[in-house]
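Keep in mind that the numbers below use all heavy atoms, side chains included, and drop hydrogens, waters and symmetry copies.
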Amino acid sequence: MIEKEAILASAKKTILAESKAIANLSELLTNDFAEAVEIIFKSKGRLIVTGIGKSAIIAQKIVATLNSTGTPSMFLHASEAIHGDLGMVQKDDVVICISKSGNSPEIKVLVPLLKRFGNILIAITGNLTSFLGKESDYVLNAYVESECDPINLAPTNSTTAQLVIGDALAVALMELRDFKSEDFAKYHPGGALGKKLLLRVKDMLDTTHKPVVSPDSSIKKVIVEISEKRLGVTAVVENEKVIGIITDGDIRRMLNDRDTFSDLTAKDIMTKNPKVIKSNDMVVDALNILEDFSITQLVVVDDGNYLGVIHLHDILKEGIV
């Protein structure tokens, strides 16, 4: 029978081992890291990241991170490189080669070819005295004492170390470029992240069906307007300015408090000074206001002009959360 305690103990042991391996990397940093970042930053070409085996998988992730943070990068599989794909490397490109041992057969074939082309070569390796370590222009030390698996063979600590160094490169380059959320949004236009960073209130506002009544409108008129526009609210507008709102909740509370409403008008039950937002504001800002005040609708106003209503349900349907 499998013991849950033993499984949890194994997981904790693995996590602690990898965290220790990562923490040790900070002690292995040298000027090669700083110089490598500067070379990549000033490069007129792309950054080519290559590797073999599990290191190739790590290389692909590093490329994805670099591309999304403003450093044009390409993945080159070391095995495929020596069988034709080396043609993707151009003269101004900088190459990062990832290998734990630094002595893989494919690496020993690939490195001299890259050196012959004259490309700057940066190594991420755990063996500084390896073929890759000696032949590279800059070496980023990814040494780990051991893997964390029981037989010390499965790439675990070593690949995590490679990944962390790749992240450190990406972050350092982001800081040099003063890379901001607006820049990040350019590379992430799709999905929830892209919408959160790019979508503005005006992009999802239906200005042709904005609910509106006058202060002297009858309650019947208010109810009809709320029902027809299907937003659960109507703005109360006087002289083209929003002076209040009435929600379906206001209607329900009024009906609970009174037996008749024939003598009431919109201004009698409206909420004054409603929460508003501008059409050019981000939808995520609208969402934050809705959450902060526990409301479901926001009035959209530009320069005092009423444009419509944005509803929480519409925001949620966009998949921003």
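- Nearest heavy atoms, G51 versus A56: O-CB, 3.5 Å.
- Of all non-hydrogen atoms in F131 and V111, the two that sit nearest each other are CE2-CB, 3.8 Å.
- A donor-acceptor pair is defined here as one N or O able to donate and one able to accept, closer than 3.5 Å; no such pair exists between the side chain of N239 and the backbone of K241.
- At least one donor-acceptor pair closer than 3.5 Å links the side chain of S19 to the backbone N or O of L16.
- Hydrophobic clustering of Ile, Leu, Val, Met, Phe, Trp and Tyr side chains at less than 4.5 Å, counting indirect connections, keeps I52 apart from V139.
- Neither side chain, S101 nor N127, offers a donor N or O lying under 3.5 Å from an acceptor on the other.
- Between R200 and D281, no side-chain nitrogen of the basic residue sits less than 4.0 Å from a carboxylate oxygen of the acidic one, so the salt-bridge criterion is not met.
- Sorted by first and then second residue, the side chain to side chain donor-acceptor pair (under 3.5 Å) pairs with a member in residues 74-88 form an empty list; sequence neighbours excluded.
- Here the NZ-CD distance, from K275 to Q297, works out to 14.0 Å after rounding to the nearest 0.5 Å.
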- Apply the test side-chain contact (heavy atoms from CB on, under 4.5 Å) to residues L312 and L287: give CA-CA distance (whole Å), side-chain angles for both, the deciding distance (0.1 Å), then the verdict. CA-CA 7 Å; L312 175 62; L287 177 62; 3.6 Å; yes
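- If you chain together ILVMFWY residues whose side-chain heavy atoms come under 4.5 Å of each other, V144 ends up in a group of its own.
- When all heavy atoms of A142 and I165 are compared, the pair lying nearest together is CB-CD1, 3.6 Å.
- Salt-bridge check for K115 with D137: passed, with a basic side-chain N closer than 4.0 Å to an acidic carboxylate O.
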- Task: Evaluate the side-chain contact (heavy atoms from CB on, under 4.5 Å) criterion for residues V299 and I277: first the C-alpha distance (whole Å), next the side-chain angles of each, then the deciding distance (0.1 Å), finally the verdict.
- Result: CA-CA 6 Å; V299 177; I277 195 166; over 6 Å; no
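- Placement of L298 and V301 in two distinct hydrophobic clusters is found when ILVMFWY residues are connected by side-chain heavy-atom separations under 4.5 Å, directly or transitively.
- When hydrophobic clusters are built by joining Ile, Leu, Val, Met, Phe, Trp and Tyr residues whose side-chain heavy atoms come closer than 4.5 Å, directly or via intermediates, I122 is not grouped with L113.
- With hydrogens and angles disregarded, a donor-acceptor distance shorter than 3.5 Å links the side chain of D149 to the backbone of N152.
- Taken from CD1 in I107 to SG in C97, the straight-line distance is 3.5 Å, to the nearest 0.5 Å.
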- Message: Using the rule given for side-chain contact (heavy atoms from CB on, under 4.5 Å), can you reason through V283 versus D203, listing the C-alpha separation, both sets of side-chain angles and the distance that settles it, and then say yes or no?
- Response: CA-CA 9 Å; V283 171; D203 297 325; 5.9 Å; no
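- Its side chain within the 4.5 Å cluster rule, M270 clusters with V213, I219, V222, I223, I226, V236, I243, I246, I251, M254, L255, F261, L264, I269 among the Ile, Leu, Val, Met, Phe, Trp and Tyr residues.
- D93 contributes no side-chain N or O that, together with a main-chain N or O of G45, makes up a donor-acceptor pair within less than 3.5 Å.
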- So D216 and T265, side-chain hydrogen bond (donor to acceptor under 3.5 Å, both in side chains) or not? Walk me through it. CA-CA 5 Å; D216 296 325; T265 60; 4.9 Å; no
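- P211 and V309 make their closest contact through CG-CG2, 4.1 Å (heavy atoms, listed as atom of the first residue, atom of the second, distance).
- Minimum heavy-atom separation, I310 to L205: N-CD1, 4.3 Å.
- For T125, there are no side chain to side chain donor-acceptor pair (under 3.5 Å) partners two or more places apart in sequence or in a different chain.
- Under the 4.5 Å side-chain criterion, counting only non-hydrogen atoms from C-beta, S158 is in contact with E147.
- Residues V94 and M88 are members of separate hydrophobic clusters, defined by side-chain heavy-atom contacts under 4.5 angstrom among Ile, Leu, Val, Met, Phe, Trp and Tyr.
- L66 and L163 fall within a single hydrophobic cluster, where Ile, Leu, Val, Met, Phe, Trp and Tyr side chains are chained together by heavy-atom contacts under 4.5 Å.
- Between L8 and E5 the shortest side-chain heavy-atom distance does not fall below 4.5 Å.
- Between the side chain of S136 and the main chain of L132, a donor-acceptor pair closer than 3.5 Å is present.
- Shown here are the side chain to side chain donor-acceptor pair (under 3.5 Å) partners of S104, two or more places apart in sequence or in another chain: there are none.
- With contacts defined as side-chain heavy-atom distances shorter than 4.5 Å, the pair T69/L173 does not qualify.
- Between T234 and I245, every side-chain heavy-atom pair lies at or beyond the 4.5 Å cut-off.
- With salt bridges taken as basic N to acidic carboxylate O contacts below 4.0 Å, none links R258 and D268.
- Between D248 and R253 there is no salt bridge, since no side-chain nitrogen of the basic residue lies less than 4.0 Å from a carboxylate oxygen of the acidic one.
- Dense packing is recorded around NZ of K267, with more than 12 heavy atoms of other residues, nucleotides or ligands lying under 6.0 Å away.
- Inspection of the E18 and T156 side chains reveals no N or O donor paired with an N or O acceptor under 3.5 Å.
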- Message: Apply side-chain hydrogen bond (donor to acceptor under 3.5 Å, both in side chains) to residues K61 and T65 and explain how you reach the verdict.
- Response: CA-CA 6 Å; K61 192 277 176 184; T65 300; 2.9 Å; yes
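- Taken to the nearest 0.5 Å, the NE2 atom of H311 stands 9.5 Å off from the CG atom of L316.
- In this structure, the side chains of L25 and V164 come closer than 4.5 Å at one or more pairs of heavy atoms.
- Looking only at side-chain heavy atoms (C-beta outward), N119 and V89 come within less than 4.5 Å of each other.
- V237 approaches Y306 most closely through the heavy-atom pair CG2-CD2, 3.9 Å.
- Annotation: salt bridge (charged side-chain N to carboxylate O under 4.0 Å, His left out) contacts of K221 (sequence neighbours excluded): E225.
- Proximity of Y138 to I120: side-chain heavy atoms (C-beta onward) are separated by under 4.5 Å at one or more points.
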- Message: Could you go through V63 and M74, starting from their C-alpha distance and side-chain angles, then the distance that decides it, and tell me whether this counts as side-chain contact (heavy atoms from CB on, under 4.5 Å)?
- Response: CA-CA 6 Å; V63 164; M74 292 183 66; 5.7 Å; no
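- Other residues, nucleotides and ligands place more than 12 heavy atoms under 6.0 Å from the CD atom of Q60.
- Separation of atoms CD1 (I289) and CG (D285) is listed at 7.0 Å; rounding is to 0.5 Å.
- With no hydrogens or angles considered, no side-chain donor-acceptor pair links T247 and R252 at under 3.5 Å.
- Atom OG1 of T50 is separated from atom CD1 of I96 by 11.0 Å, given to the nearest 0.5 angstrom.
- Counting only heavy atoms from C-beta outward, the side chains of R46 and T71 never approach each other to under 4.5 Å.
- The structure places CD of E35 at 10.5 Å from CG of L140, a figure rounded to the nearest 0.5 Å.
- Within a 6.0 Å sphere centred on NZ of K229, other residues, nucleotides and ligands contribute more than 12 heavy atoms.
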